[in-house]
Every structure is written in C-alpha cells, then in structure tokens.
Amino acid sequence: MNKILLLQLIILCSSRVFLTTGRPLAADGNPVPAPAVHREVYADGRMFDISHRVTKELPSWDSKDGLGQFLFSLASIKNGSVVNASEMKMSVHTGTHVDAPSHMFDNYSDAGFDADTLDLEVLNGPALLVDVPRDKNITAEVMMALNIPKGVRRVLFRTLNTDRQLMWKKEFDSSYAGFMKDGAKWLVENTDIKLVGLDYLSVAAYVEALDTHLEFLASREIILVEGLKLDNIQPGLYDLHCLPIRLLGADGSPTRCILIK
C-alpha cells in the first residue's frame with residue numbers, strides 16, 4: 001500500500017468516526033469525549049453536595065490571594081508519560097473541612113486527638129439546616145431565639161455569608177458571620193448538638209475566633225465542620241454525610257459533605 005492510499009484511508013476512517021460520534025479524534029485516535037459535567041445536585045434533586053470545589057480562587061485564612069496553585073504535575077501523558085499523576089499542597093483547613101481537638105489544644109495533639117479520631121457516627125446522621133438572622137453573629141441570644149429542639153445532634157447554620165457568597169471570593173473577609181464565645185458556650189451547655197456546621201472558613205466570628213474555638217473543642221465532644229456550601233437548599237431536616245480524609249496526626253482535614261432529603 002503506497003503512502004498516499006494509506007493517508008486517504010486514515011482520513012476516511014477519521015471522518016467516519018467523527019460522523020458517528022459527532023466528536024473529533026484525540027491524538028491517540030480515540031474520539032474526544034464530551035466535556036465533563038460538574039454537578040451540585042444528584043438523585044433527582046434529593047442529594048446535595050454541600051462541599052466547595054477546591055480551586056485556586058478558593059479563599060484562604062487571612063490571605064488576599066486565595067488558595068493559589070495547589071496541584072502540581074508529577075507525570076503527564078502529553079509530555080510522554082503513560083499516566084497523568086499529580087500531587088497537592090495545601091492546608092488541612094482548606095475549603096470545606098473539619099477541625100480536630102488538636103487544632104486548639106497542644107495536650108490533645110500530644111495525646112493523638114487528630115482528624116483520624118473524629119467520630120464518624122457524629123459526622124453522619126440526621127441534621128437540621130437553619131437560617132440565622134442575617135444581621136447578627138451567633139450569640140447566646142440568637143441561639144435561644146433559634147429554639148433548636150432538644151435531641152437534635154447535628155445543626156448546619158446558614159448565615160449572611162451565603163448571601164454574600166464569601167466562599168466564592170478569593171480574598172479573605174474578616175467580617176464574616178460566625179459564633180461568638182457566649183453563643184458557643186450556650187450551645188455546649190444547653191443543647192444536645194455534637195456537630196456544628198457553618199458557611200465560611202471558621203464557625204467562630206473573627207473577633208473571637210480563638211476563645212470560641214476553645215469553648216467548642218475543650219470537651220472533645222463537638223465536631224466543627226467549616227466552609228460549607230449551603231446555597232439553594234431549603235431549611236429543614238436532612239441526612240448528613242461527612243467523610244474527612246484519615247490524616248494521621250493532622251489537626252483538621254478536607255471533607256466531602258452531602259445532604260440527602
């Protein structure tokens with residue numbers, strides 16, 4: 001077979017594949033797949049992904065520049081490797097994540113109370129999504145007004161942060177809404193809540209971030225889930241599922257969280 005005939009045959013086969021699939025061919029001769037779809041809602045509107053995608057633009061604590069580059073290529077098919085492989089470098093408190101007791105207490109760190117010790121039973125189960133008054137941080141007064149029933153163990157607090165779309169802005173905003181120390185203390189002493197979720201990088205308001213975290217984490221009984229994506233979901237009762245990465249020795253962990261109606 002001469003070279004011209006071979007070339008015509010290749011062009012003919014390529015044309016047939018394109019006509020059959022409606023897509024051009026990749027360098028390896030296979031059809032280029034349709035672009036992937038990144039979804040927020042699954043199961044005919046009953047399952048909601050409430051974790052944020054990790055991107056360069058994701059806000060990072062006290063940073064004006066956002067997360068920035070976090071994925072780095074180790075191997076690339078385009079550069080001659082047989083696989084694509086990457087590594088990542090970022091804080092364990094990036095995006096949607098959990099705090100371990102060791103985040104705030106060095107003695108808990110020494111004793112091994114890391115992200116791997118967080119109770120999966122607390123992280124998974126019925127949860128109440130509530131709307132917080134939009135002009136307030138979460139104080140003891142606000143907690144009393146929310147009137148969360150006894151027996152509720154997991155509560156996701158949606159605040160003005162969602163309305164302001166703060167998790168979609170790469171520059172950290174210290175004016176975000178969160179728990180004040182007295183609100184955390186009231187929750188610990190007067191409710192059955194063991195999981196607290198909020199819609200920015202910290203459940204604690206910036207002005208009292210340290211003291212509020214100490215109130216929440218001192219007992220090692222409450223798990224904090226921070227950086228939740230709670231837009232376009234109705235308040236109410238859901239099944240919550242949060243699965244942190246098992247990072248031995250880590251004071252926090254990125255987490256995938258979903259709600260099921």
Side-chain angles (χ1 to χ4, degrees), residues 3 6-43 47-100 102-103 109 112 114-118 120 123-124 165-172 200-202 225-229 241-259:
K3 292 182 179 179
L6 179 61
L7 181 60
Q8 289 175 333
L9 183 60
I10 291 172
I11 293 172
L12 178 62
C13 292
S14 299
S15 300
R16 286 179 175 173
V17 171
F18 179 80
L19 290 172
T20 303
T21 64
R23 298 190 298 273
L25 293 179
D28 61 4
N30 293 314
V32 175
V37 176
H38 296 268
R39 292 187 287 168
E40 309 295 334
V41 182
Y42 299 79
M47 182 184 295
F48 304 89
D49 193 333
I50 59 169
S51 40
H52 281 275
R53 281 190 202 100
V54 180
T55 71
K56 295 179 182 179
E57 305 297 313
L58 198 65
S60 186
W61 187 262
D62 265 347
S63 170
K64 292 183 178 181
D65 302 321
L67 177 60
Q69 185 70 31
F70 67 96
L71 275 180
F72 302 89
S73 177
L74 296 175
S76 168
I77 295 173
K78 287 183 174 59
N79 291 335
S81 178
V82 295
V83 297
N84 291 316
S86 304
E87 66 178 356
M88 62 182 179
K89 182 179 180 180
M90 63 186 190
S91 164
V92 295
H93 299 275
T94 294
T96 306
H97 67 277
V98 294
D99 284 353
S102 57
H103 183 39
S109 179
D114 57 16
D116 188 48
T117 64
L118 296 176
L120 288 180
L123 285 159
N124 295 270
Q165 294 194 311
L166 293 188
M167 286 295 294
W168 283 268
K169 299 176 181 179
K170 72 175 183 178
E171 183 173 353
F172 178 78
Y200 200 55
L201 291 173
S202 171
V225 186
E226 301 172 323
L228 289 169
K229 182 171 68 65
H241 297 280
C242 287
L243 295 174
I245 302 172
R246 297 186 70 176
L247 297 176
L248 193 66
D251 48 77
S253 175
T255 301
R256 190 73 176 263
C257 291
I258 64 170
L259 290 179

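The two residues Gly252 and Ala115 come nearest to each other via the heavy atoms O-CB, 3.7 Å. In terms of heavy-atom proximity, Asp49 sits nearest to Tyr42 at CB-CE1, 4.4 Å. Contact between Leu67 and Thr94 at its shortest, heavy atoms only, is CD2-CG2, 3.9 Å. Here the closest heavy-atom approach between residue Leu166 and residue Pro59 is recorded as O-CG, 3.9 Å. Nearest heavy atoms, Lys56 versus Gln69: CE-OE1, 3.0 Å. Across all non-hydrogen atoms, the minimal contact from Ser102 to Ala250 is OG-O, 3.9 Å.
Atom CZ of residue Phe70 and atom OG of residue Ser91 lie 13.0 Å apart, to the nearest 0.5 angstrom. The structure places CG of Asp116 at 4.5 Å from CZ of Arg246, a figure rounded to the nearest 0.5 Å. Atom OG of residue Ser253 and atom CG of residue Leu247 lie 4.0 Å apart, to the nearest 0.5 angstrom.
The shortest distance between side-chain heavy atoms of Leu243 and Arg256 does not fall below 4.5 Å. No side-chain heavy atom of Leu201 sits less than 4.5 Å from a side-chain heavy atom of Glu226. Using a 4.5 Å heavy-atom cutoff, the side chains of Pro254 and Met90 are in contact.
Residues satisfying the side chain to side chain donor-acceptor pair (under 3.5 Å) criterion with Asn79, sequence neighbours excluded, are absent altogether. Listed by chain and residue number, Glu40, His52, Trp168, Asp231 satisfy the side chain to side chain contact (heavy atoms under 4.5 Å, CB included) test with Lys229 (two or more places apart in sequence, or in another chain). With sequence neighbours left out, the side chain to side chain donor-acceptor pair (under 3.5 Å) criterion links Asn84 to no other residue. Taking Leu123 as the reference, Val98, Leu118, Leu120, Leu195, Ile223, Val225, Cys242, Pro244 meet the side chain to side chain contact (heavy atoms under 4.5 Å, CB included) condition, with sequence neighbours excluded. Take Asp251 and apply the side chain to side chain donor-acceptor pair (under 3.5 Å) test, not counting sequence neighbours, and it matches His93. Residues satisfying the salt bridge (charged side-chain N to carboxylate O under 4.0 Å, His left out) criterion with Asp65, sequence neighbours excluded, are absent altogether. Annotation: side chain to side chain donor-acceptor pair (under 3.5 Å) contacts of Glu171 (sequence neighbours excluded): none. With sequence neighbours excluded, the residues satisfying side chain to side chain contact (heavy atoms under 4.5 Å, CB included) with Val37 are Arg39. The salt bridge (charged side-chain N to carboxylate O under 4.0 Å, His left out) search around Asp114 returns none, not counting sequence neighbours. With sequence neighbours left out, the ring-ring contact (aromatic ring centres under 6.0 Å, His included) criterion links Tyr200 to Phe172, Tyr176. With sequence neighbours excluded, the residues that form a side chain to side chain contact (heavy atoms under 4.5 Å, CB included) with Ser60 are Ser63.
With Thr96 contributing its side chain and Thr255 its backbone, the two residues share no donor-acceptor pair below 3.5 Å.
Here salt bridge (Lys or Arg N to Asp or Glu O under 4.0 Å) pairs that include residues 88-99, with residues two or more places apart or in two chains, number zero.
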